[in-house]
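The structure appears right after this line, and notes come after that.
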Amino acid sequence: MKLLQEKIVQDGKVLSDQVLKVDTFLNHQIDPPLMQAIGEEFAARFKDAGITKILTIESSGIAPAMMAGLVLGVSVIFARKRKSLTLIDHLYTASVHSFTKKETNEISVSKDFITSEDTVLLIDDFLANGQAVLGLLDIIEQAEAKLAGVGIVIEKGFQPGGSLIRERGIRVESLAIIASLENGQVTFTEEDELQ
Ligand code: 5GP
(Lines give C-alpha, C1' and ligand atoms only; values in the text may rest on other atoms or scores of the structure.)
Protein backbone atom coordinates (compact mmCIF):
# COMPACT_ATOMS: atom_id res chain seq x y z
CA MET A 1 0.00 0.00 0.00
CA LYS A 2 1.88 3.01 -1.37
CA LEU A 3 0.19 5.65 0.81
CA LEU A 4 1.19 3.77 3.97
CA GLN A 5 4.77 3.22 2.79
CA GLU A 6 5.08 6.96 2.10
CA LYS A 7 3.72 7.80 5.55
CA ILE A 8 6.19 5.39 7.20
CA VAL A 9 9.12 6.93 5.32
CA GLN A 10 7.94 10.49 6.02
CA ASP A 11 6.86 10.21 9.67
CA GLY A 12 8.28 6.94 11.06
CA LYS A 13 11.28 7.08 13.39
CA VAL A 14 13.75 4.22 13.32
CA LEU A 15 14.60 3.73 17.00
CA SER A 16 16.97 0.79 16.41
CA ASP A 17 17.58 -1.98 13.86
CA GLN A 18 14.56 -3.69 15.42
CA VAL A 19 12.01 -1.02 16.34
CA LEU A 20 10.06 1.52 14.31
CA LYS A 21 8.15 4.30 16.03
CA VAL A 22 4.93 5.41 14.32
CA ASP A 23 3.40 7.48 17.11
CA THR A 24 2.36 10.29 14.78
CA PHE A 25 -0.25 8.26 12.87
CA LEU A 26 -0.86 4.82 14.42
CA ASN A 27 0.35 4.20 17.98
CA HIS A 28 -0.51 7.41 19.80
CA GLN A 29 -1.82 10.16 17.55
CA ILE A 30 -4.07 8.59 14.90
CA ASP A 31 -4.50 9.78 11.31
CA PRO A 32 -8.20 9.16 10.46
CA PRO A 33 -8.01 9.47 6.63
CA LEU A 34 -5.06 7.06 6.60
CA MET A 35 -6.97 4.67 8.90
CA GLN A 36 -9.93 4.91 6.55
CA ALA A 37 -7.75 3.98 3.57
CA ILE A 38 -6.29 1.09 5.60
CA GLY A 39 -9.78 -0.12 6.52
CA GLU A 40 -10.86 0.01 2.88
CA GLU A 41 -7.77 -1.92 1.81
CA PHE A 42 -8.36 -4.70 4.38
CA ALA A 43 -12.04 -4.83 3.43
CA ALA A 44 -11.19 -5.11 -0.29
CA ARG A 45 -8.69 -7.91 0.31
CA PHE A 46 -11.06 -9.94 2.52
CA LYS A 47 -14.40 -9.02 0.94
CA ASP A 48 -15.13 -12.57 -0.27
CA ALA A 49 -14.07 -14.32 2.93
CA GLY A 50 -17.50 -14.31 4.58
CA ILE A 51 -16.28 -12.39 7.62
CA THR A 52 -18.76 -11.98 10.49
CA LYS A 53 -16.44 -10.48 13.15
CA ILE A 54 -13.11 -8.69 13.40
CA LEU A 55 -10.87 -9.45 16.37
CA THR A 56 -7.97 -7.24 17.43
CA ILE A 57 -6.01 -6.45 20.59
CA GLU A 58 -5.98 -3.22 22.54
CA SER A 59 -4.96 -0.55 22.02
CA SER A 60 -3.27 0.13 18.68
CA GLY A 61 -5.16 -2.51 16.71
CA ILE A 62 -8.49 -0.85 17.43
CA ALA A 63 -8.30 2.05 14.94
CA PRO A 64 -7.48 -0.01 11.81
CA ALA A 65 -9.85 -2.82 12.90
CA MET A 66 -12.65 -0.34 13.46
CA MET A 67 -12.29 1.17 9.98
CA ALA A 68 -12.25 -2.28 8.36
CA GLY A 69 -15.36 -3.20 10.39
CA LEU A 70 -17.11 -0.08 9.20
CA VAL A 71 -16.50 -0.94 5.55
CA LEU A 72 -17.28 -4.67 5.94
CA GLY A 73 -20.32 -3.93 8.10
CA VAL A 74 -19.30 -6.22 10.98
CA SER A 75 -18.61 -5.77 14.70
CA VAL A 76 -15.10 -5.31 16.05
CA ILE A 77 -13.96 -6.96 19.26
CA PHE A 78 -10.74 -6.05 21.01
CA ALA A 79 -9.02 -8.48 23.34
CA ARG A 80 -8.35 -6.80 26.66
CA LYS A 81 -4.90 -6.87 28.20
CA ARG A 82 -6.13 -6.19 31.71
CA LYS A 83 -9.10 -7.74 33.40
CA SER A 84 -11.90 -5.23 33.67
CA LEU A 85 -14.24 -5.08 36.66
CA THR A 86 -17.16 -6.08 34.48
CA LEU A 87 -15.28 -8.79 32.60
CA ILE A 88 -14.81 -11.41 35.29
CA ASP A 89 -15.69 -14.81 33.92
CA HIS A 90 -17.21 -16.38 30.84
CA LEU A 91 -13.95 -15.53 29.08
CA TYR A 92 -11.54 -16.95 26.56
CA THR A 93 -7.99 -16.18 27.72
CA ALA A 94 -4.51 -16.57 26.24
CA SER A 95 -0.98 -15.51 27.18
CA VAL A 96 0.87 -13.01 25.00
CA HIS A 97 4.54 -12.23 25.52
CA SER A 98 5.72 -8.89 24.19
CA PHE A 99 9.42 -8.87 23.26
CA THR A 100 9.22 -5.10 22.72
CA LYS A 101 7.81 -4.36 26.16
CA LYS A 102 9.39 -7.39 27.86
CA GLU A 103 6.17 -8.35 29.59
CA THR A 104 3.57 -11.10 29.39
CA ASN A 105 -0.11 -10.20 29.36
CA GLU A 106 -3.07 -12.44 29.80
CA ILE A 107 -5.52 -11.32 27.12
CA SER A 108 -9.22 -11.98 27.39
CA VAL A 109 -12.34 -11.88 25.24
CA SER A 110 -15.89 -12.47 26.43
CA LYS A 111 -17.45 -15.71 25.21
CA ASP A 112 -20.52 -13.66 24.29
CA PHE A 113 -18.85 -12.07 21.28
CA ILE A 114 -17.22 -14.92 19.34
CA THR A 115 -18.91 -18.26 18.74
CA SER A 116 -18.50 -21.31 16.51
CA GLU A 117 -20.85 -19.58 14.04
CA ASP A 118 -18.32 -16.82 13.35
CA THR A 119 -15.78 -16.31 10.59
CA VAL A 120 -13.16 -14.04 12.07
CA LEU A 121 -10.62 -11.65 10.57
CA LEU A 122 -7.70 -10.83 12.90
CA ILE A 123 -6.24 -7.35 12.61
CA ASP A 124 -3.23 -5.85 14.38
CA ASP A 125 -0.95 -2.86 13.99
CA PHE A 126 2.41 -4.67 13.91
CA LEU A 127 3.57 -8.20 13.22
CA ALA A 128 7.00 -8.79 14.74
CA ASN A 129 7.57 -12.08 16.57
CA GLY A 130 3.97 -13.16 16.08
CA GLN A 131 3.09 -13.58 19.76
CA ALA A 132 0.07 -11.25 19.69
CA VAL A 133 -1.38 -13.00 16.63
CA LEU A 134 -0.73 -16.45 18.16
CA GLY A 135 -2.65 -15.38 21.29
CA LEU A 136 -5.59 -14.20 19.17
CA LEU A 137 -5.50 -17.46 17.16
CA ASP A 138 -5.64 -19.38 20.43
CA ILE A 139 -8.83 -17.51 21.35
CA ILE A 140 -10.40 -18.22 17.94
CA GLU A 141 -9.58 -21.93 18.40
CA GLN A 142 -11.16 -21.94 21.87
CA ALA A 143 -14.28 -20.37 20.37
CA GLU A 144 -14.22 -22.97 17.57
CA ALA A 145 -14.73 -20.11 15.15
CA LYS A 146 -13.51 -20.10 11.55
CA LEU A 147 -10.46 -17.98 10.72
CA ALA A 148 -10.60 -15.90 7.53
CA GLY A 149 -7.04 -14.63 7.84
CA VAL A 150 -4.83 -12.01 9.43
CA GLY A 151 -4.59 -8.36 8.39
CA ILE A 152 -1.51 -6.46 9.55
CA VAL A 153 -0.77 -2.77 9.08
CA ILE A 154 3.04 -3.04 9.36
CA GLU A 155 4.90 -6.35 9.23
CA LYS A 156 8.59 -6.44 10.13
CA GLY A 157 9.59 -9.06 7.61
CA PHE A 158 13.03 -9.54 9.18
CA GLN A 159 11.44 -10.90 12.36
CA PRO A 160 9.95 -14.41 12.51
CA GLY A 161 6.21 -13.72 13.06
CA GLY A 162 5.19 -13.62 9.40
CA SER A 163 6.69 -17.00 8.49
CA LEU A 164 5.49 -18.52 11.77
CA ILE A 165 1.89 -17.68 10.91
CA ARG A 166 2.09 -18.33 7.13
CA GLU A 167 3.71 -21.75 7.78
CA ARG A 168 0.47 -22.78 9.44
CA GLY A 169 -1.32 -22.20 6.12
CA ILE A 170 -2.91 -19.01 7.40
CA ARG A 171 -3.53 -16.13 4.98
CA VAL A 172 -1.62 -13.03 6.13
CA GLU A 173 -2.21 -9.71 4.37
CA SER A 174 0.28 -7.04 5.43
CA LEU A 175 -0.18 -3.55 4.03
CA ALA A 176 3.50 -2.66 4.45
CA ILE A 177 6.31 -5.16 4.89
CA ILE A 178 9.60 -3.83 6.20
CA ALA A 179 12.68 -5.66 4.94
CA SER A 180 15.16 -3.78 7.13
CA LEU A 181 15.61 -0.88 9.55
CA GLU A 182 19.40 -0.98 9.36
CA ASN A 183 21.41 2.28 9.37
CA GLY A 184 18.30 4.23 10.33
CA GLN A 185 16.76 3.52 6.89
CA VAL A 186 13.42 1.86 6.21
CA THR A 187 13.39 -0.52 3.26
CA PHE A 188 10.34 -2.46 2.13
CA THR A 189 9.68 -5.94 0.76
CA GLU A 190 6.96 -6.02 -1.87
CA GLU A 191 4.31 -8.66 -1.20
CA ASP A 192 4.98 -10.53 -4.42
CA GLU A 193 8.54 -11.11 -3.18
CA LEU A 194 7.20 -13.25 -0.31
CA GLN A 195 7.37 -16.96 -1.03
P1 5GP B 1 4.62 -9.53 18.17
O2 5GP B 1 3.69 -10.18 19.14
O3 5GP B 1 4.32 -9.88 16.73
O4 5GP B 1 6.07 -9.74 18.53
O5 5GP B 1 4.46 -7.97 18.33
C6 5GP B 1 3.24 -7.40 18.15
C7 5GP B 1 3.05 -6.20 19.02
O8 5GP B 1 4.27 -5.59 19.47
C9 5GP B 1 2.37 -5.14 18.20
O10 5GP B 1 0.99 -5.17 18.45
C11 5GP B 1 2.99 -3.84 18.65
O12 5GP B 1 2.22 -3.30 19.69
C13 5GP B 1 4.33 -4.20 19.21
N14 5GP B 1 5.47 -3.96 18.30
C15 5GP B 1 6.34 -4.89 17.83
N16 5GP B 1 7.31 -4.33 17.10
C17 5GP B 1 7.06 -3.00 17.07
C18 5GP B 1 7.72 -1.88 16.46
O19 5GP B 1 8.75 -1.96 15.78
N20 5GP B 1 7.14 -0.68 16.66
C21 5GP B 1 6.01 -0.51 17.39
N22 5GP B 1 5.53 0.73 17.49
N23 5GP B 1 5.37 -1.54 17.98
C24 5GP B 1 5.88 -2.77 17.83
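Start at 1 and go down the list; that is how both ligands and their atoms are numbered. As a basis for the values below, the full set of heavy atoms in this structure was taken, side chains included, without hydrogen atoms, waters or symmetry mates.
With respect to R45 and E173, a salt bridge is recorded, a charged nitrogen being found less than 4.0 Å from a carboxylate O. At a threshold of 4.0 Å, the pair K146-D118 does not count as salt-bridged, since none of the basic side-chain nitrogens sits closer than that to a carboxylate oxygen.
Residue-level proximity to ligand 1 for D124 is carried by the side chain, the only part with a heavy atom below 4.0 angstrom. Both the backbone and the side chain of V19 come within 4.0 Å of ligand 1, judged by heavy-atom distances. Neither the backbone nor the side chain of L26 has any atom closer than 4.0 Å to an atom of ligand 1 (non-hydrogen atoms only).
In terms of protein heavy-atom proximity, atom 2 (O) of ligand 1 is closest to A132 N, 2.8 Å. Scanning the protein heavy atoms around atom 19 (O) of ligand 1, the nearest turns out to be K156 NZ, 2.8 Å. The protein atom (non-hydrogen) at minimum distance from atom 20 (N) of ligand 1 is L20 O, 2.7 Å. Scanning the protein heavy atoms around atom 15 (C) of ligand 1, the nearest turns out to be T100 OG1, 3.3 Å. Protein heavy atom at the shortest distance from atom 4 (O) of ligand 1 is N129 N, 2.7 Å.
No side-chain donor from either of S116 and E144 sits under 3.5 Å from a side-chain acceptor of the other. Side-chain contact annotation: K156 with Q159, donor-acceptor N/O pair under 3.5 Å present.
Between N27 and ligand 1 there is a heavy-atom distance shorter than 4.0 Å.
Relative to atom 1 (P) of ligand 1, the option among G130, S59, G162, G161 with the closest non-hydrogen atom is G130.
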